[in-house]
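To start, the structure under review is shown below, and the notes come after it.
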Amino acid sequence: MASSRFWAGSDDDSSEDASDASSVEEEKVKTANRWATVSDSESSDEGERVVKSAKDRAWDGMKAVIAKIGNSKKIGDWNGIQTEFENLNKMVDKAKMHIMKEGLPRFYVRTLAELEDFLFEALKDKEAQKKMSASNGRSLNRMKLTLRKHNKTYESQIAAYKADPDAPDAEDDAASSDDSSSDDDSSDDDSSDDDDSDDDSDASESEKEKKAEKPKKEAKNLEDMDSDDWASSESESSESESEEETGALKGRAKWLKTTVVTTKRVKKEKKVDPKKKEKKVEDAASLASKAKSSLAALKLDEPMSGETFDKKLLEVVASRGRKGTDARELLAALEALAGKAKRSFGYARELGALMHLIAAQFDANRTIDDYMDVATWRSCHGQLGRVVAVLSAHPGVSLGSIDDDDFADMHVAHALAKKKKGEDEDEEEDEKPEAAAAPNDDPDAVKVVGNLLTFLARLEDEYVKSLQRINPHTHEYVSRLRDEAPLTDLAAGVQAYYVRVGDDKAAATVALLRVEHMYYKHESIASAVRDAQAYRAKWGNRGDAHAASRHAAVATERDASKSHPGAWLGAATAAATAPDDEVVGDASASVRKLCEYVYAHGDDRCRTRALLCHVAHHALHGRFYVARDLLLMSHLQDTAYMSDVETQILYNRSMVMLGLCAFRNGLIHDAHACLAEICSSRVKELLAQGMQSARFSDKNPEQEKAERRRQTPYHMHINLDLLECCHLTAAMLLEVPNMSVEAGGAGGHKRPISRHFRKHLDIFNRQVFTGPPENTRDHVLCAAKALGVGDWKTCADLVLRLDVWALVPGAGEGDRVKAMIEDKIKAEALRTYLFAYSSAYDALSLPQLCDMFQLPKNVAHGLVSKMMINRELKGAWDQPTETIVLHRLEPSPLQALALHYADKAAALVEARPAAAYGDAQRRRGDRRDGGNRGSNANYKARHGDNQDRRTASQRRW
């Protein structure tokens with residue numbers, strides 16, 4: 001009974017499966033029909049889409065531009081005609097492949113012919129030309145030159161069009177033929193579709209016949225089947241499954257690990273056609289030969305007139321930037337023209353040629369990170385110096401800039417001068433006034449290409465880039481530094497020219513450039529550099545002089561048996577010279593004079609940078625109070641973060657130099673205040689003296705390149721070892737006594753003065769093994785531990801043995817700073833001793849303290865008295881016996897708890913003032929919302945929550 005029910009259920013299931021499969025197929029058909037109806041409705045709403053070929057699109061774009069040209073012709077807008085004509089020619093160049101296949105379109109030839117006729121009629125109308133605007137007239141002249149040159153290429157097509165202008169366009173014939181061919185294709189497609197449908201029907205019938213011919217298996221009764229039949233059916237099913245899973249693993253291999261071998265894709269090398277490659281090489285060689293021949297055809301060595309010189313100069317300048325032009329030959333031609341102008345044609349043509357030559361030399365750099373080679377830089381510097389010399393020799397002459405319109409007129413005039421002889425006389429008369437140069441508003445102004453200030457700034461930028469790229473530990477870097485003095489002298493000449501012509505803003509910019517190359521040099525270094533420069537200019541290299549004459553005095557008796565003949569004239573000397581606005585031997589006066597000029601005439605950025613340079617220069621020479629007052633009066637510390645990155649770097653440098661100045665003068669608190677913010681973080685990046693490792697940086701490549709361009713040259717670096725030593729020493733002298741107060745309990749909780757120093761000291765104290773100090777930081781930390789126990793001798797020995805004190809600028813400054821540091825260490829050791837061990841004494845003897853710390857009696861007396869006044873030491877003087885009587889005032893338990901509570905509250909507020917304010921506001925809101933406290937249980941619950949919150953906040957901070 002159970003078996004019959006089981007097999008009956010299986011029959012029902014099979015029938016249900018079949019019905020489900022048929023329903024799924026019906027749903028698929030429905031969904032397909034539904035999307036088909038939707039797509040049909042959308043296509044009917046949108047309309048038919050037109051597919052155009054690339055040729056048709058190009059032709060349509062050209063026709064649209066030709067329509068714009070026709071509109072401009074109707075209103076006489078030659079500027080619009082010129083613009084659209086250039087666009088049309090660009091489109092023709094893009095469609096050259098289609099033109100090679102299909103030929104030049106007739107509508108384009110018709111446009112050229114109509115433009116030629118329209119231009120001829122416009123040139124005849126003299127009255128209309130006089131009424132034209134300046135820009136429209138220039139466009140007419142340029143169109144005349146451009147169209148004549150352009151139409152020479154299509155002379156035969158234009159002539160054929162003029163011979164039969166009414167002939168039909170080839171495009172219309174092609175369109176009609178395309179329509180007919182499309183009709184034929186559609187009829188062929190219909191017939192082919194009929195044939196295909198017949199073939200499909202025949203194929204379906206043959207498939208049905210084959211299926212009917214297949215033998216059917218005999219169906220067996222379930223009751224007649226035995227176990228062998230069941231086994232055979234299972235084996236057949238497994239075999240069928242294995243046959244279906246082709247390529248699948250069997251048995252144990254299915255569960256074993258397999259090694260997957262990945263093959264790399266090999267990129268196929270593009271096959272280069274040798275014929276095309278040879279053609280490119282031949283084209284490049286032909287372009288180069290044409291450029292060489294054009295430059296060689298100038299015949300610059302032959303005698304020439306002024307007009308011929310101008311024409312040849314324009315020809316050389318026109319070849320600048322063209323493909324195939326040799327830059328060296330171009331520079332040689334411009335140098336020859338500049339020399340020719342200097343000898344034969346006066347300063348006006350010489351200035352024009354020199355400015356063209358300088359502009360061409362700046363084109364040598366391909367990328368922004370490449371710097372100009374030293375030979376080219378010095379050549380460019382010499383040419384700019386020649387320009388300044390010519391301007392100073394002719395005080396009434398000034399330079400004017402040639403704008404784009406003037407430059408275009410010059411090229412048009414030059415092109416018109418090369419006309420053919422077969423043109424009409426009317427056209428020659430029309431072109432003569434255009435051939436004249438643009439009128440000059442100032443008769444004494446010489447119009448040149450470029451700007452003197454721009455060229456000077458570019459020359460200075462190339463100098464700085466070369467110092468950034470050259471290895472600073474090589475002789476090449478040292479020899480490159482010799483070019484700084486000539487650069488500043490050139491800047492002085494340019495500034496004098498701008499002052500003479502009344503351009504104060506440009507003069508202030510040049511003055512700032514000079515200040516930026518002077519402020520970082522100490523007086524001793526600046527005078528030595530100036531003397532060496534003067535000696536080299538007069539006598540050459542100092543090492544070339546004979547050894548006997550380097551330090552010898554003038555000999556009164558010239559006896560070769562007693563002295564070398566090379567020493568008879570004494571040592572060679574050269575007096576250093578300076579520009580008129582500088583004081584020889586007084587760099588501070590020169591910097592002050594230049595900065596005052598920038599303050600009076602420069603813009604905001606120039607004034608800011610000049611003031612920072614002035615502050616840094618004062619700090620370098622030890623004038624701390626002057627530099628501090630100058631900085632505080634300007635309020636730059638409030639607005640420095642809003643300036644550009646270069647100015648922020650200069651601000652950081654000025655603050656560091658001010659802090660070092662305060663340290664040299666013994667102002668430890670001021671030194672630490674200036675150095676703490678910068679020295680506690682990434683010093684190299686803030687001073688632009690290095691870059692953060694790429695491993696820990698989150699900058700993209702462009703930001704890294706920009707940061708690399710802002711790096712300070714090596715000779716302007718502030719020594720980081722000296723900076724770290726001064727900062728840590730100042731922090732040690734302030735923080736060690738402060739820490740001893742906390743340890744001894746003499747003054748309660750003290751606010752940390754230098755968290756940076758405390759962090760390094762804690763790390764140093766937690767080390768299991770401490771070896772001998774190796775670097776600057778280790779020396780100062782070991783000295784701090786010795787100072788904490790009052791061992792001033794060990795502390796002073798560790799700090800003063802460092803070699804960085806020899807780097808302090810100024811003669812004898814290093815020894816003076818060492819003596820100052822030793823005195824400071826003695827004084828702070830005395831204060832630390834009193835803070836730490838005063839609770840163990842009833843009285844202290846002043847002579848004994850002076851002997852312990854080797855301090856004069858008045859110095860020790862002053863320190864102890866100051867501690868008593870500031871309530872750091874509780875005691876009084878017993879003058880007859882010269883002893884310090886110490887008072888022990890133990891606080892009561894309530895006072896001790898109050899002091900402890902005050903310390904905790906101060907620490908919490910110091911950590912985060914906003915947290916205390918937020919908690920107070922929250923508690924005040926709870927009281928407003930809750931009204932009466934209600935029951936005692938509710939009050940205790942709220943009170944407990946507030947207590948937990950306060951405890952959590954204290955634990956967190």
Checklist line | Salt bridge present between K465 and E462 (N-O < 4.0 angstrom) | finding: yes
Next item on the list: May I have the step-by-step check of side chain to side chain contact (heavy atoms under 4.5 Å, CB included) for V499 and Y597, ending in yes or no?
Entry: CA-CA 11 Å; V499 170; Y597 188 84; 3.4 Å; yes
Next item on the list: May I ask you to test the V464-P713 pair for a side-chain heavy-atom distance under 4.5 Å?
Entry: yes
Check: Side chains of D461 and Y371: is there a donor and an acceptor less than 3.5 Å apart?
Finding: no
Item checked: Side-chain heavy atoms of I718 within contact of L660, under 4.5 Å -> yes
Check: Taking side chain as C-beta onward, heavy atoms only, is L313 less than 4.5 Å from V317?
Finding: yes
Margin query: Is there a side chain to side chain contact (heavy atoms under 4.5 Å, CB included) between L453 and V510? Walk through the geometry before answering.
Written below: CA-CA 8 Å; L453 176 61; V510 180; 3.5 Å; yes
Next item on the list: State whether the side chain of S654 and the backbone N or O of L612 hold a donor-acceptor pair below 3.5 Å, judged by distance alone.
Entry: yes
Notebook entry, point to check: Okay, side chain of E516, backbone of L513: is any donor-acceptor separation there less than 3.5 Å?
Noted result: no
Next item on the list: Might you point out which heavy atoms bring G690 and Q711 nearest each other, and give the distance in Å?
Entry: N-OE1, 2.9 Å
Checklist line | Polar side-chain atom of T376 near backbone of M372 as donor-acceptor pair, under 3.5 Å | finding: no
Margin query: Given 3.5 Å as the limit, does a donor-acceptor pair link the side chain of N665 with the main chain of L667, or not?
Written below: no
Next item on the list: For V449 and F455, work out which heavy atoms get closest and say how close.
Entry: O-CE1, 3.9 Å
Notebook entry, point to check: Out of curiosity, C725 SG to H727 NE2, how far, rounded to the nearest 0.5 Å?
Noted result: 11.5 Å
Next item on the list: For residues Q703 and E707, determine if any side-chain heavy atom of one lies less than 4.5 Å from a side-chain heavy atom of the other.
Entry: no
Margin query: Please evaluate residues H779 and R801 with respect to the criterion side chain to side chain contact (heavy atoms under 4.5 Å, CB included), reporting the C-alpha separation (whole Å), side-chain torsions for both, the decisive distance (0.1 Å), and the verdict.
Written below: CA-CA 9 Å; H779 277 81; R801 75 166 65 165; 3.6 Å; yes
Item checked: Gap between atom OG1 of T608 and atom CG of D603 - 0.5 Å precision -> 8.5 Å
Item checked: Expected output: side-chain Y497 to main-chain P395 donor-acceptor under 3.5 Å -> no
Checklist line | Atom pair CG (L384) and CG (L357), whose distance is rounded to the nearest 0.5 Å | finding: 10.0 Å
Check: When rounded to the nearest 0.5 angstrom, what distance separates CG in L452 from CD1 in I358?
Finding: 8.0 Å
Next item on the list: I would like to know whether L391 and Y347 meet side chain to side chain contact (heavy atoms under 4.5 Å, CB included); could you show each step before the answer?
Entry: CA-CA 9 Å; L391 292 173; Y347 65 86; over 6 Å; no
Next item on the list: State whether the number of non-hydrogen atoms from other residues, nucleotides or ligands found under 6.0 Å of K342 atom NZ is greater than 12.
Entry: no
Item checked: Gap separating the CD1 atom of I678 from the CG atom of N652, nearest 0.5 angstrom -> 4.5 Å
Notebook entry, point to check: Under the 6.0 Å and 45° cation-pi test, does R816 pair with W805?
Noted result: no
Next item on the list: Measure from the ring center of H618 to the ring center of F624 and say whether it is less than 6.0 Å.
Entry: no
Next item on the list: Inspect the surroundings of CG in D803 and state if more than 12 heavy atoms from other residues, nucleotides or ligands are less than 6.0 Å away.
Entry: no
Next item on the list: Might you point out which heavy atoms bring V515 and C595 nearest each other, and give the distance in Å?
Entry: CG1-SG, 4.0 Å
Next item on the list: Answer yes or no: is there a side-chain heavy-atom contact under 4.5 Å between E335 and Q361?
Entry: yes
Note to self: Taking E476 first and then R480, would you say they form a salt bridge - that is, a charged N and a carboxylate O separated by under 4.0 Å?
What the structure shows: no
Next item on the list: In sequence, state the C-alpha distance, the side-chain angles, and the governing distance for R623 and S588, and then conclude on side chain to side chain donor-acceptor pair (under 3.5 Å).
Entry: CA-CA 11 Å; R623 298 185 287 271; S588 300; 3.2 Å; yes
Check: At their closest point, which heavy atom of M655 faces which heavy atom of C674, and how far apart are they?
Finding: O-CB, 3.8 Å
Next item on the list: Take Y599 and H614 through the side chain to side chain donor-acceptor pair (under 3.5 Å) test and state the conclusion after the steps.
Entry: CA-CA 11 Å; Y599 299 154; H614 204 181; 3.3 Å; yes
Next item on the list: Would you kindly say whether Y477 and H715 are connected by a side-chain donor-acceptor distance under 3.5 Å?
Entry: yes
Checklist line | Heavy-atom pair with the smallest gap, counting every atom of R349 and A341 | finding: C-CB, 3.8 Å
Note to self: Counting C-beta onward and ignoring hydrogens, is there a side-chain heavy-atom pair between C613 and V591 closer than 4.5 Å?
What the structure shows: no
Note to self: Ignoring hydrogens, what is the shortest heavy-atom contact between C606 and G602? Give both atom names and the distance.
What the structure shows: CB-CA, 4.3 Å
Note to self: Could you check whether any side-chain heavy atom of V598 comes within less than 4.5 Å of a side-chain heavy atom of L594, counting everything from C-beta outward?
What the structure shows: no
Notebook entry, point to check: Just checking, is any N or O donor in the side chain of H517 or E460 under 3.5 Å from an acceptor N or O on the other one?
Noted result: yes
Checklist line | Salt bridge D489-R530, side-chain N to carboxylate O under 4.0 Å | finding: yes
Notebook entry, point to check: Should the heavy atoms of other residues, nucleotides or ligands under 6.0 Å from OH of Y625 be counted, would the total exceed 12?
Noted result: no
Checklist line | Pairs flagged by salt bridge (charged side-chain N to carboxylate O under 4.0 Å, His left out) wherever residues 642-663 is involved - sequence neighbours left out | finding: R605-D644
Notebook entry, point to check: Any donor-acceptor pair under 3.5 Å linking the side chain of Q648 with the backbone of S643?
Noted result: yes
Next item on the list: Would you check if T712 and L687 make a side-chain contact, meaning some heavy-atom pair closer than 4.5 Å?
Entry: no
Notebook entry, point to check: Do the rings of H381 and W377 sit parallel, tilted or perpendicular, given the 30° and 60° boundaries?
Noted result: parallel
Notebook entry, point to check: Is R378 salt-bridged to D483, cutoff N-O under 4.0 Å?
Noted result: yes
Next item on the list: Check the side chains of E484 and T488 for a donor-acceptor pair under 3.5 angstrom, ignoring hydrogens and angles.
Entry: no
Margin query: For a quick check under 3.5 Å, do N471 and T474 share a side-chain donor-acceptor pair by atom type?
Written below: no
Notebook entry, point to check: Just checking, any donor-acceptor pair under 3.5 angstrom between side chains of R607 and S634?
Noted result: no
Next item on the list: Report the residue from R343, R386, K340 that forms a side-chain hydrogen bond (donor to acceptor under 3.5 Å, both in side chains) with E350.
Entry: R386
Next item on the list: Applying side chain to side chain donor-acceptor pair (under 3.5 Å), run through S527 and E523 and close with a yes or a no.
Entry: CA-CA 6 Å; S527 60; E523 184 69 47; 5.3 Å; no
Next item on the list: Please round to the nearest 0.5 Å and tell me the distance separating atom CZ of F362 and atom OG1 of T454.
Entry: 10.0 Å
